[in-house]
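Worth knowing before you read on, the calculation uses all heavy atoms, side chains too, and leaves out hydrogens, waters and symmetry mates. Because the structure is a prediction, the values reported are computed rather than measured. Each chain gets a letter, A, B and so on, in the order its sequence line appears, and its residues count up from 1.
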There are 2 protein chains.
Amino acid sequence: MAQQRTRIQLVNREIILSAALEVFATHGFRGATVDQIAARAEMSKPNLLYYFRRKQDIYRAVLEHTLDDWLAPLAAIDRDGDPIEELRRYITLKLQMSAENPAASRLFANEVLAGAPVIGDFLKTRLRELVHEKAGVVRAWVGEGRLAPVDPTHLIFMIWAVTQHYADFDVQVRAVLGSQVDKPGFHEQTAQAVLTIVLNGIRPRD
Amino acid sequence: MAQQRTRIQLVNREIILSAALEVFATHGFRGATVDQIAARAEMSKPNLLYYFRRKQDIYRAVLEHTLDDWLAPLAAIDRDGDPIEELRRYITLKLQMSAENPAASRLFANEVLAGAPVIGDFLKTRLRELVHEKAGVVRAWVGEGRLAPVDPTHLIFMIWAVTQHYADFDVQVRAVLGSQVDKPGFHEQTAQAVLTIVLNGIRPRD
DNA sequence: CGGATTCTTGACTATTTGGTCAAAACCGAG
DNA sequence: CTCGGTTTTGACCAAATAGTCAAGAATCCG
């Protein structure tokens, strides 16, 4: 009974996680309420608490549910590929994720803004190691003259900042750009603009 | 009596705004509590509510207190200056503000993440106008061949994203970089890295 | 079908939280 | 010092919120 998952359980846990993602992404852990999540999941609060006994449990589950996806694109950067092409792919992938799942980006933003009480360990271990590894790759590329001399870690931060900005600050972007955000081709135009600047910024000059 | 401000009032309002900035910046409006703010301001809750009658009033006051400063650097971009130098100055100034007053940056981040319920109008009017004006300046520079062909609005977004990232995601930056964040010269090194990539990214190529 | 198990929820509790109020403490001008 | 206004706070209230519980409804399995 402990680990057994019925079909209903699988379905309902998914519904809850998806509802909770939206609510936590908008208001953060402290600002979100269990009632809000239950309402969005269209079930009673006690029913929701039947699947996750505490608010914390839902929050942790949502975070874990998203953490791995988040790292995948960075992990995929290949030391043996062409530097500009690898970074183009990385930036494109991150922009795509921000566009397709902005709530995930906002969830992290809220968690980090609050001081990363839950994912602090993750940041200091797995994330840190991965960044150092990939910074090493970039550093090697720079050493071979295949990239302009750039600080590898700050380059990674910059890519995170820019790509996640379009998810986290969507409301601001909309306020400035208006309806054109929803026009087809907007994401491509954004990708084009970001790629132009960043890739030109790191392309080796002679 | 209505508008009269005694010395004590001026002092205490400052203390409250400063305490509230920290709390709202960390937990957002909904996640922050009046008790937390009162504790940080080292006064009783009723005393705090003597100066600001509602939580909303404190929040609005803190936001307004910070909004104008936030726009100043962008407003200072001068069409008649050298494009690269103007943007270097803008980026440097924004990075400096993020370093000196990270709480202000986080306050906005939280507000925008929550859907900008309070500053939504501001974003759609004053911010929008200012961005369009300065985008026009950048567009003119590009037209004159003094900058590489870049989308002006996305350039502004990119600068915001990168500069504010170091304030908003400070915890993450620290997790990855460790204690070196506190070493003297870190901010200069960051500015160097950011300026190198962005400015090279938009410098005209021939 | 029928009994055991799983799922669902109305009603409830304890705690937290935003906000009030009246009275006490404080302060500053005469 | 004294008196009027200002500031401060302990005690309180109502609403919101996390979480419980027992009992009813649905589902599964033989």
Side-chain angles (χ1 to χ4, degrees), chain A residues 1-63 107 110-111 114-115 117-118, chain B residues 1-63 107 110-111 114-115 117-118:
Chain A
M1 178 225 126
Q3 197 60 338
Q4 211 142 285
R5 292 274 155 85
T6 70
R7 190 181 45 80
I8 293 180
Q9 266 179 49
L10 289 175
V11 168
N12 279 349
R13 290 175 75 95
E14 256 330 297
I15 291 173
I16 291 167
L17 289 181
S18 152
L21 174 61
E22 287 299 325
V23 176
F24 285 132
T26 303
H27 297 292
F29 176 73
R30 298 207 30 176
T33 73
V34 177
D35 295 82
Q36 256 179 310
I37 300 169
R40 189 174 265 264
E42 292 180 295
M43 64 180 68
S44 66
K45 183 166 62 166
N47 197 190
L48 184 149
L49 289 167
Y50 170 73
Y51 292 101
F52 296 89
R53 298 189 52 179
R54 316 188 151 271
K55 187 184 171 186
Q56 271 262 0
D57 297 344
I58 316 175
Y59 186 63
R60 294 193 114 91
V62 175
L63 272 174
L107 179 76
N110 265 306
E111 162 73 6
V118 172
Chain B
M1 179 226 125
Q3 198 59 337
Q4 209 143 289
R5 292 274 155 84
T6 70
R7 192 182 45 81
I8 293 181
Q9 266 180 47
L10 289 176
V11 169
N12 279 349
R13 290 176 75 96
E14 257 329 297
I15 291 174
I16 292 168
L17 289 180
S18 152
L21 174 61
E22 287 299 326
V23 176
F24 284 132
T26 302
H27 297 293
F29 176 73
R30 298 206 32 173
T33 73
V34 178
D35 295 83
Q36 255 179 310
I37 300 170
R40 189 175 266 264
E42 292 179 295
M43 63 180 70
S44 66
K45 183 167 60 165
N47 197 190
L48 184 149
L49 289 167
Y50 170 73
Y51 292 101
F52 296 90
R53 299 190 52 177
R54 317 188 149 272
K55 188 184 172 187
Q56 271 262 0
D57 298 344
I58 316 174
Y59 187 62
R60 294 194 115 91
V62 175
L63 272 174
L107 178 76
N110 265 307
E111 162 74 5
V118 172

Taking all non-hydrogen atoms of both residues, which atom of [X] and which atom of [Y] are closest, and how far apart?
X: Ala20(A); Y: Ile58(A); result: CB-CG2, 3.5 Å
X: Tyr51(B); Y: Arg13(B); result: O-NH1, 3.4 Å
X: Ala41(A); Y: Ile16(A); result: CB-CA, 4.4 Å
X: His27(A); Y: Arg30(B); result: ND1-CD, 3.6 Å

Item checked: Pairing residues for Arg40(A) by the side-chain hydrogen bond (donor to acceptor under 3.5 Å, both in side chains) criterion, not counting sequence neighbours ->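 With neighbours one apart ignored, the set is empty.
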
Margin query: Could you work out, with side-chain hydrogen bond (donor to acceptor under 3.5 Å, both in side chains) as the rule, every residue matching Arg54(A), not counting sequence neighbours?
Written below: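 Checked Arg54(A) against side-chain hydrogen bond (donor to acceptor under 3.5 Å, both in side chains); zero matches.
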
Check: dT6(C) phosphate, OP1 or OP2: any side-chain N/O from Gln9(A) under 4.0 angstrom?
Finding: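 Indeed not, no polar side-chain atom of Gln9(A) lies that close.
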
Next item on the list: May I ask you to verify if any side-chain N or O of Arg54(A) is less than 4.0 angstrom from the OP1 or OP2 atom of dG19(D)?
Entry: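 Yes, because at least one side-chain N or O of Arg54(A) sits under 4.0 Å from OP1 or OP2 of dG19(D).
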
Check: Can you tell me how far P of dG18(C) sits from OH of Tyr59(B), to the nearest Å?
Finding: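 Rounding to the nearest Å, OH of Tyr59(B) and P of dG18(C) are 14 Å apart.
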
Check: Quick one: Arg13(B) CZ to dT6(D) P, roughly how many Å, whole number?
Finding: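 Whole-Å distance recorded here is 15 Å.
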
Checklist line | Counterpart residues, side-chain contact (heavy atoms from CB on, under 4.5 Å), relative to Pro117(A) (two or more places apart) | finding: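 Scan of Pro117(A) (side-chain contact (heavy atoms from CB on, under 4.5 Å), adjacent residues dropped) gives Glu111(A), Ala114(A).
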
Checklist line | nucleotides 25-30 of chain D: protein proximity per nucleotide (B base, S sugar-phosphate only, - neither; heavy atom, under 4.0 Å) | finding: ---S--

Next item on the list: For DNA chain D, find the residues of residues 42-53 of chain B with a heavy-atom distance under 4.0 Å and give them by number; none if there aren't any.
Entry: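 Residues of residues 42-53 of chain B that come under 4.0 Å of DNA chain D are, in numerical order, Ser44(B), Pro46(B), Asn47(B), Tyr50(B), Tyr51(B).
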
Next item on the list: List in numerical order all residues of residues 16-38 of chain A for which some heavy atom is under 4.0 Å away from an atom belonging to DNA chain D.
Entry: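 Correct list: Ala32(A), Thr33(A), Val34(A), Asp35(A).
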
Notebook entry, point to check: What orientation do Tyr59(A) and Phe24(A) show, parallel under 30°, tilted 30 to 60°, or perpendicular over 60°?
Noted result: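 Correct class here is perpendicular.
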
Margin query: Determine whether Asn12(A) and Leu48(A) satisfy the following criterion, side chain to side chain contact (heavy atoms under 4.5 Å, CB included), listing intermediate values before the conclusion.
Written below: CA-CA 9 Å; Asn12(A) 279 349; Leu48(A) 184 149; over 6 Å; no

Notebook entry, point to check: To the nearest 0.5 Å, what is the distance between OH (Tyr50(A)) and CD (Gln9(A))?
Noted result: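 So the gap between those two atoms works out to 5.5 Å.
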
